[in-house]
Amino acid sequence: GENVEQHPSTLSVQEGDSAVIKCTYSDSASNYFPWYKQELGKGPQLIIDIRSNVGEKKDQRIAVTLNKTAKHFSLHITETQPEDSAVYFCAASKGSQGNLIFGKGTKLSVKP
Amino acid sequence: DTAVSQTPKYLVTQMGNDKSIKCEQNLGHDTMYWYKQDSKKFLKIMFSYNNKELIINETVPNRFSPKSPDKAHLNLHINSLELGDSAVYFCASSQDFLAKNIQYFGAGTRLSVL
């Protein structure tokens with residue numbers, strides 16, 4: 001089955017710096033890669049996703065890149081703000097079913 | 001209006017008890033899920049229902065029994081609670097079971113088994 005590895009487990013940056021979180025997946029049939037943000041006491045919320053026919057996607061300060069050959073994808077947050085502090089999860093799944101396999105999460109702390 | 005709502009938000013109970021967690025979504029989605037998040041924040045799917053039919057059943061003890069009276073509701077009943085069941089349980093829903101659809105999560109139910 002699919003296995004998703006996520007690094008780092010914790011990340012601390014200064015406000016205004018960039019943050020990068022990396023994930024690798026094992027199943028080459030996976031073709032959908034969402035990123036979720038979980039704030040304290042809340043459920044995960046989708047922030048951006050990418051499909052295997054696209055190499056990069058950007059939404060304001062957030063971008064995701066996908067390297068299908070290497071089977072890894074990354075989340076990039078630029079100009080970080082204290083409200084970006086949260087736990088971020090990557091996930092992977094195949095197109096035929098909604099069974100998301102999550103990484104173990106990255107706790108991002110943005111220091112003012 | 002909350003899209004995916006779970007009740008209760010907190011649940012504290014003794015070992016051996018039976019408890020239920022309720023979930024409702026008002027998004028008109030066909031598919032609903034239950035996830036378990038352990039103390040290390042690891043998020044793992046437990047069950048998935050599509051139009052009241054079970055489509056995903058990961059390796060979960062038989063003490064856990066989901067019930068979907070209609071496609072807007074997916075409840076989780078847990079028998080003979082054990083210490084290891086302590087976790088945060090999240091309900092989620094998506095338009096259908098295809099992976100391309102966004103999953104919307106509830107706020108979670110923190111279960112503490114004493």
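So that the names make sense, note that chain A is the first sequence line, chain B the second, and so on, each numbered from 1.
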Compile the donor-acceptor pairs under 3.5 Å between side chains in residues 67-74 of chain B and protein atoms, sequence neighbours left out, one pair per line.
{"unit_1": "Ser68(B)", "atom_1": "OG", "unit_2": "Asp70(B)", "atom_2": "O", "d": "3.0"}
{"unit_1": "Ser68(B)", "atom_1": "OG", "unit_2": "His73(B)", "atom_2": "O", "d": "2.9"}
{"unit_1": "Asp70(B)", "atom_1": "OD1", "unit_2": "Ala72(B)", "atom_2": "N", "d": "2.9"}
{"unit_1": "Asp70(B)", "atom_1": "OD1", "unit_2": "His73(B)", "atom_2": "N", "d": "3.3"}
{"unit_1": "Asp70(B)", "atom_1": "OD1", "unit_2": "His73(B)", "atom_2": "ND1", "d": "2.7"}
{"unit_1": "Asp70(B)", "atom_1": "OD2", "unit_2": "His73(B)", "atom_2": "ND1", "d": "3.3"}
{"unit_1": "Lys71(B)", "atom_1": "NZ", "unit_2": "Asp30(B)", "atom_2": "OD1", "d": "2.7"}

Please set out all donor-acceptor pairs under 3.5 angstrom arising from side-chain atoms of residues 7-15 of chain A, sequence neighbours excluded.
none

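A donor-acceptor distance shorter than 3.5 angstrom exists from the side chain of Tyr36(A) to the backbone of Gln103(B), with no hydrogens or angles considered.
In the hydrophobic cluster analysis, where Ile, Leu, Val, Met, Phe, Trp and Tyr join through side-chain heavy atoms closer than 4.5 angstrom, Val88(B) is grouped apart from Leu11(B). Cluster annotation: Val20(A) and Leu75(A) are assigned to distinct hydrophobic clusters (Ile/Leu/Val/Met/Phe/Trp/Tyr, side-chain heavy-atom contacts under 4.5 Å, transitive). With hydrophobic clusters built from ILVMFWY side chains whose heavy atoms lie under 4.5 angstrom apart, Phe64(B) shares a cluster with Met32(B). At a threshold of 4.5 Å between side-chain heavy atoms, the hydrophobic network of Ile, Leu, Val, Met, Phe, Trp and Tyr places Ile62(A) and Tyr88(A) in one connected group. Residues Tyr49(B) and Phe90(B) do not share a hydrophobic cluster, clusters being chains of Ile/Leu/Val/Met/Phe/Trp/Tyr side chains in contact below 4.5 Å.
Separating the CZ atom in Phe89(A) from the CD atom in Gln37(B) is a distance of 4.5 Å, to the nearest 0.5 Å. Taking NZ of Lys40(B) as the reference point, atom NZ of Lys104(A) lies at 7.5 Å (rounded to 0.5 Å).
Under the 4.5 Å side-chain criterion, counting only non-hydrogen atoms from C-beta, Ile45(B) is not in contact with Leu100(A).
The contact between Lys9(B) and chain A is made entirely by side chain atoms (from C-beta outward), counting heavy-atom distances below 4.5 Å.
Annotation for Val12(B): hydrophobic cluster partners, listed by chain and number, are Leu114(B) (ILVMFWY side-chain heavy atoms under 4.5 Å, direct or chained).
Around the CD atom of Gln60(A), the shell of radius 6.0 Å holds no more than 12 heavy atoms that belong to other residues, nucleotides or ligands.
Of all residues spanning residues 37-48 of chain A, those with a heavy atom less than 4.5 Å away from chain B's heavy atoms are Gln38(A), Gly41(A), Lys42(A), Gly43(A), Pro44(A), Leu46(A), arranged by number.
For the residue pair Phe102(A) and Tyr35(B), the shortest heavy atom distance occurs at CE1-CE2, 3.5 Å.
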